[in-house]
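Below you'll find the structure, written out as structure tokens, and then a few comments.
Both ligands and their constituent atoms are indexed starting at 1 by order of listing. As the structure is a computational prediction, the values presented were derived from the model and not from experiment.
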Amino acid sequence: MWFDGELVDPDDARVGLTTHALHYGSGVFEGIRAYATRDGAAVFRLADHLERMRKGAALLGIAFDAAIATDAILATLRANRQRDAYVRPLAWVGAGGFGLDVADHAQHLMVATTPTTVHLGGVRTRLGVSPWRRNPARSLPPLKLCGAYVNSILAKREAKSRGYDEALFVDDDGFVVECTGANVFAVSGDRIVAIEHADALPGITRDTLVALSGAECRAMSLAELRDADEVFVCGTAAEVAPIASLEGREYGAGPVARELAALYARVVRGDAAAPSAWLTAA
Ligand code: PMP
């Protein structure tokens, strides 16, 4: 792993028990993928992930340099000799006391890379509608702030307790927000909709799929989602995951999701036309 400027053996890396982020979630992370391409490992949309991370760090007052994070990520991938990998950078507030003013606390950055396991297992997922509400953007902006994920953990636990694989957040007015770690698309006839909501994370996979498919971006009610022909969710770790059912409402086999999943798989590996800035050689 990379920790504060050095490559270290994970067993040797230590942080203190008074780490501020451990108590209050005062950190920001990213979930990024590296893929084996014909020309070696490449990181998909690295600059976009680090820009989102920079925004979260800025809110917390954590100094963040995308160039340092880029070097750290590439160095970690090379050190681990990984080509297909999940990449996890985390910047956080460290020691400095239990107060909430973090201006004088220590700050840290780490990068871990792990062999990939596809979130949601790459299988057709059963969704339950969460009784929990997504963090409202006006309370907690939709960025990858560590503490925000307690909301996702509650929803995931509740959905699993009812036998579902994943939770779907809806808002008080019945509009679809997102899943615990993925954005939602619906397909009706030949129309693909990337569901938009102010409380949802602006997903980079969602943005990629909109660019590839020309999907319409708009809000959608839960009732309309139920009536869709196909539903799929997407994220860096989930990639394109077709939805089998929503609270018992079953969806068809999903030809659009299958086609987009295949196209996405080619794009991330440099096997289909895409902006060159999307792939950073490791
Ligand atoms: N929503 C949430 C809450 C997430 O954690 C993620 C995963 N980062 C996504 C959506 C999908 O975002 P991305 O495509 O950028 O990974």
Side-chain angles (χ1 to χ4, degrees), residues 25 27-35 43-57 69 73 85-91 112 114 116-122 125 127 130 132-137 139-159 165-171 175-186 194-213 215 217 220 231-241 243 257 260-261 263-265 267-268 274 277-280:
V28 59
F29 69 97
E30 265 303 325
I32 310 174
R33 272 294 314 261
Y35 290 93
V43 185
F44 189 63
R45 298 197 66 172
L46 178 58
D48 299 302
H49 281 282
L50 295 181
E51 173 54 16
R52 187 168 65 189
M53 189 168 174
R54 187 199 59 76
K55 287 181 188 154
I73 286 167
Y86 180 78
V87 180
R88 166 53 56 85
L90 169 70
T114 64
T116 53
T117 47
V118 176
H119 177 55
L120 301 175
T125 301
L127 282 187
S130 188
W132 294 104
R133 294 288 174 251
R134 192 76 182 120
N135 304 311
S139 300
L140 206 49
L143 292 165
K144 292 184 80 75
L145 302 175
C146 296
Y149 279 80
V150 174
N151 181 229
S152 285
I153 292 166
L154 297 183
K156 189 84 172 180
R157 277 174 52 77
E158 195 281 333
D165 304 306
E166 174 61 312
L168 177 73
F169 286 108
V170 297
D171 72 10
F175 284 94
V176 175
V177 183
E178 63 177 335
C179 291
T180 65
N183 295 115
V184 186
F185 280 68
I195 297 178
E196 202 163 71
H197 196 287
D199 300 340
L201 187 79
I204 291 165
T205 316
R206 175 186 187 277
D207 182 75
T208 302
L209 295 177
V210 168
L212 295 176
S213 70
C217 300
M220 184 176 288
V231 175
F232 62 92
V233 301
C234 69
T236 296
E239 301 184 318
V240 180
I243 296 303
L260 266 178
L263 177 57
Y264 184 77
V267 165
V268 295
W278 283 4
L279 287 172
T280 302

Inset, instruction - Might you work through the ring-ring contact (aromatic ring centres under 6.0 Å, His included) test for Phe169 and Trp132, ending with a clear yes or no? - result: CA-CA 7 Å; Phe169 286 108; Trp132 294 104; 9.1 Å; no
Inset, instruction - Take Thr208 and Arg45 through the side chain to side chain donor-acceptor pair (under 3.5 Å) test and state the conclusion after the steps. - result: CA-CA 9 Å; Thr208 302; Arg45 298 197 66 172; 2.9 Å; yes
What are the polar N/O contacts of ligand 1 with the protein below 3.5 Å, with distances?
| residue | atom | partner | partner atom | Å |
| --- | --- | --- | --- | --- |
| ligand 1 | 1 (N) | Glu178 | OE1 | 2.5 |
| ligand 1 | 5 (O) | Lys144 | NZ | 3.1 |
| ligand 1 | 5 (O) | Tyr149 | OH | 2.5 |
| ligand 1 | 8 (N) | Lys144 | NZ | 2.6 |
| ligand 1 | 14 (O) | Ile204 | N | 3.3 |
| ligand 1 | 14 (O) | Thr205 | N | 2.9 |
| ligand 1 | 14 (O) | Thr205 | OG1 | 2.6 |
| ligand 1 | 15 (O) | Arg52 | NH1 | 2.8 |
| ligand 1 | 15 (O) | Arg52 | NH2 | 3.0 |
| ligand 1 | 15 (O) | Ile204 | N | 2.7 |
| ligand 1 | 16 (O) | Thr236 | N | 2.9 |
| ligand 1 | 16 (O) | Thr236 | OG1 | 2.6 |

Inset, instruction - Please identify each residue that fulfils salt bridge (charged side-chain N to carboxylate O under 4.0 Å, His left out) with Arg157, with sequence neighbours left out. - result: none
Inset, instruction - Classify the angle between the aromatic ring planes of Phe185 and Phe232 as parallel (below 30°), tilted (30 to 60°) or perpendicular (above 60°). - result: parallel
Legend entry - Distance-minimising heavy-atom pair for Asp199 and Arg134: O-CG, 3.6 Å
Legend entry - Close side-chain approach of Val184 and Cys179, heavy atoms under 4.5 Å: yes
